[in-house]
Chemist: 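Shown below is the structure under consideration.
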There are 2 protein chains.
Amino acid sequence: MAIERRPLRDQIRDEVLARLRRGDFPAGQDVNEARLAADLGVSRTPLREALIALEIEGLIQSRPGKGFRFAPVSPKEYRELCPVVAALEALALESSDPEYLARTAPKLLTMATEFDVSVASQAEIEQRDDEWHDLLLGGCRNERLMDLLTTVKASLRRYVHVVIDDETEISRSAGEHKLIAERLISGDLAGAVEALKANWTSGTERVLEKLTRES
Amino acid sequence: MAIERRPLRDQIRDEVLARLRRGDFPAGQDVNEARLAADLGVSRTPLREALIALEIEGLIQSRPGKGFRFAPVSPKEYRELCPVVAALEALALESSDPEYLARTAPKLLTMATEFDVSVASQAEIEQRDDEWHDLLLGGCRNERLMDLLTTVKASLRRYVHVVIDDETEISRSAGEHKLIAERLISGDLAGAVEALKANWTSGTERVLEKLTRES
DNA sequence: GTTCAATATTTTGTATTCAGAATCCAAGCG
DNA sequence: CGCTTGGATTCTGAATACAAAATATTGAAC
């Protein structure tokens with residue numbers, strides 16, 4: 001058995017990320033270090049280390065003297081993040097192993113089609129979409145790029161609840177996924193990259209509209 | 001007088017970054033927390049916080065039980081970082097305020113020309129190149145994107161000493177800068193973006209050759 | 001002189017402590 | 001009734017303490 005030893009700060013970071021994804025921490029809420037540390041069963045030291053890591057990744061903010069808080073969401077941030085993710089995913093797709101893409105494209109098409117018909121819970125939809133993109137970019141060997149993508153997408157994820165449960169958005173997204181897969185199957189990498197960019201761009205404005213309407 | 005209060009961890013981070021840029025810490029070297037903390041006149045706690053921030057940014061690594069070390073350089077990392085910076089700078093340029101670009105392009109051209117003729121020290125060349133790119137992208141209002149660029153470029157900076165003091169590399173770079181500026185002056189944004197990407201791509205392989213030859 | 005084991009020293013990872021800043025609360029005053 | 005002010009309380013930011021792991025050192029056996 002391979003015994004793994006991970007620093008507490010890393011485990012705490014993962015746990016906070018998981019809770020964040022579950023929506024346990026409302027955006028903008030203050031972090032009470034003592035309480036959260038007690039809740040996690042650790043001392044404040046490794047918790048603060050984890051929070052600092054998350055701050056660099058953009059999920060948490062800190063103001064001098066006032067401690068940490070979960071980063072508030074804003075239309076501005078959403079508008080900034082989308083093109084970044086689009087550019088990074090486009091680059092990842094461009095630099096993917098062609099052989100991997102050829103092998104994987106049919107699967108991607110199948111998933112996109114299934115995605116279209118299945119009506120699922122919010123969490124499930126979110127997970128499906130993530131899986132699809134992960135599979136799409138699984139052939140990219142640029143580790144730094146993939147790490148960057150992971151962290152930037154973590155920031156974006158806080159906005160997806162707005163998109164989801166909108167019937168038309170979902171089927172639009174599924175259609176775009178199909179288009180990407182089809183172009184990959186036909187060997188049109190440049191076209192697939194364009195479609196992927198469009199996938200990230202197309203929803204942006206409509207989501208932004210919703211975001212501002214809600215607040 | 002506006003009194004500013006910054007957490008120690010931020011000040012420490014800046015200081016370590018500055019020393020890193022000065023080449024005080026050889027790549028791959030272990031960090032002795034106690035010694036460095038004493039050297040900086042702080043305790044280990046905020047130093048570790050700064051190191052963790054730098055770890056997330058990719059400049060420092062940590063292995064469980066063995067502490068931190070300054071990230072080693074590798075051809076692999078360089079090959080990974082270049083296209084990322086290229087894509088991000090391209091996006092930043094694309095999404096810049098057009099009016100800013102029109103206003104700034106002549107200055108960019110002047111700087112590129114001066115850059116060509118002036119023979120300067122390594123530090124000076126490095127600074128000039130940074131200033132040029134900063135000015136080029138000064139019209140981008142996407143804060144998240146610019147922050148990302150700053151951190152990714154910090155990782156890349158550890159490789160520039162390889163490029164520099166090569167006469168032909170410098171004049172090639174200056175020529176590319178001129179091309180970008182000229183296209184901006186003529187209003188050809190798409191062309192400028194292409195040239196900017198090329199600027200990041202063109203040197204990559206030659207630098208990599210040097211990198212591997214050196215080691 | 002090498003190799004190995006036993007022990008001493010250093011260093012890390014985490015917990016605890018502490019000073020000072022921020023927040024809260026209630027009494028006093030307009 | 002609202003506004004201010006003084007003090008109690010909570011919380012953050014940083015220093016210190018401590019246990020366990022890693023590393024260095026010694027010394028004995030071959």
Chemist: Using whole Å, report how far CD of B:Glu4 lies from C1' of C:dA21.
Modeler: 17 Å
Chemist: With a 4.0 Å limit, can you tell me whether B:Arg5 has a side-chain N or O closer than that to the phosphate oxygens OP1/OP2 of C:dA22?
Modeler: yes
Chemist: A:Gln61 CD to D:dT12 C1': how many Å, rounded?
Modeler: 17 Å
Chemist: For residues B:Arg21 and B:Glu126, determine if any side-chain heavy atom of one lies less than 4.5 Å from a side-chain heavy atom of the other.
Modeler: yes
Chemist: Using a cut-off of less than 4.0 Å, is there contact between a side-chain N or O of A:Lys66 and OP1 or OP2 of C:dT23?
Modeler: yes
Chemist: For a quick check of understanding: with a heavy-atom distance under 4.0 Å over all strands, which category does B:Arg63 fall into, base, sugar-phosphate or nothing?
Modeler: sugar-phosphate
Chemist: Before you tell me yes or no, could you show the steps for A:Val16 and A:Ile12 under side chain to side chain contact (heavy atoms under 4.5 Å, CB included), namely the whole-Å CA-CA distance, both residues' side-chain angles and the distance that decides it to 0.1 Å?
Modeler: CA-CA 6 Å; A:Val16 173; A:Ile12 294 170; 4.1 Å; yes
Chemist: Measuring to OP1 and OP2 of C:dG13, would you say a side-chain N or O of B:Arg48 lies under 4.0 angstrom away?
Modeler: yes
Chemist: Without decimals, in angstroms, what is the distance between B:Ile60 CD1 and C:dT12 P?
Modeler: 12 Å
Chemist: Carefully, step by step, assess B:Arg13 and B:Glu57 under the rule salt bridge (Lys or Arg N to Asp or Glu O under 4.0 Å).
Modeler: CA-CA 11 Å; B:Arg13 182 173 153 278; B:Glu57 300 184 40; 2.7 Å; yes
Chemist: Given atom CZ of A:Arg35 and atom P of D:dC11, what is their separation to the nearest angstrom?
Modeler: 6 Å
Chemist: Rounded to whole angstroms, how far apart are CG on A:Leu51 and C1' on D:dG13?
Modeler: 13 Å
Chemist: Do the rings of B:Tyr78 and B:Tyr159 sit parallel, tilted or perpendicular, given the 30° and 60° boundaries?
Modeler: tilted
Chemist: How long is the line joining CZ of A:Arg44 and P of C:dT17, in whole Å?
Modeler: 13 Å
Chemist: Please report, rounded to the nearest Å, how far the C1' atom of D:dA15 is from the CG atom of B:Leu36.
Modeler: 16 Å
Chemist: Mind running a 4.0 Å heavy-atom check of residues 6-18 of chain B against DNA chain C and sending the residues that fall below it, in number order?
Modeler: none
Chemist: Within the pair B:Thr45 and D:dA14, is there a side-chain N or O less than 4.0 Å away from OP1 or OP2?
Modeler: no
Chemist: Expressed in angstrom and rounded to an integer, what is the separation of A:Leu47 atom CG from D:dG13 atom P?
Modeler: 12 Å
Chemist: Is there a salt bridge (Lys or Arg N to Asp or Glu O under 4.0 Å) between B:Arg5 and B:Asp10 once you walk through the steps?
Modeler: CA-CA 10 Å; B:Arg5 265 184 36 199; B:Asp10 289 348; over 6 Å; no
Chemist: Would you call the rings of A:Trp200 and A:His133 parallel, tilted or perpendicular if under 30° counts as parallel and over 60° as perpendicular?
Modeler: tilted
Chemist: Hey, does the side chain of B:Asn32 come within less than 4.0 Å of C:dT10's phosphate (OP1/OP2), counting only N and O?
Modeler: no
Chemist: Do B:Arg172 and B:Ser202 meet the criterion of a side-chain donor-acceptor pair at a distance under 3.5 Å?
Modeler: yes
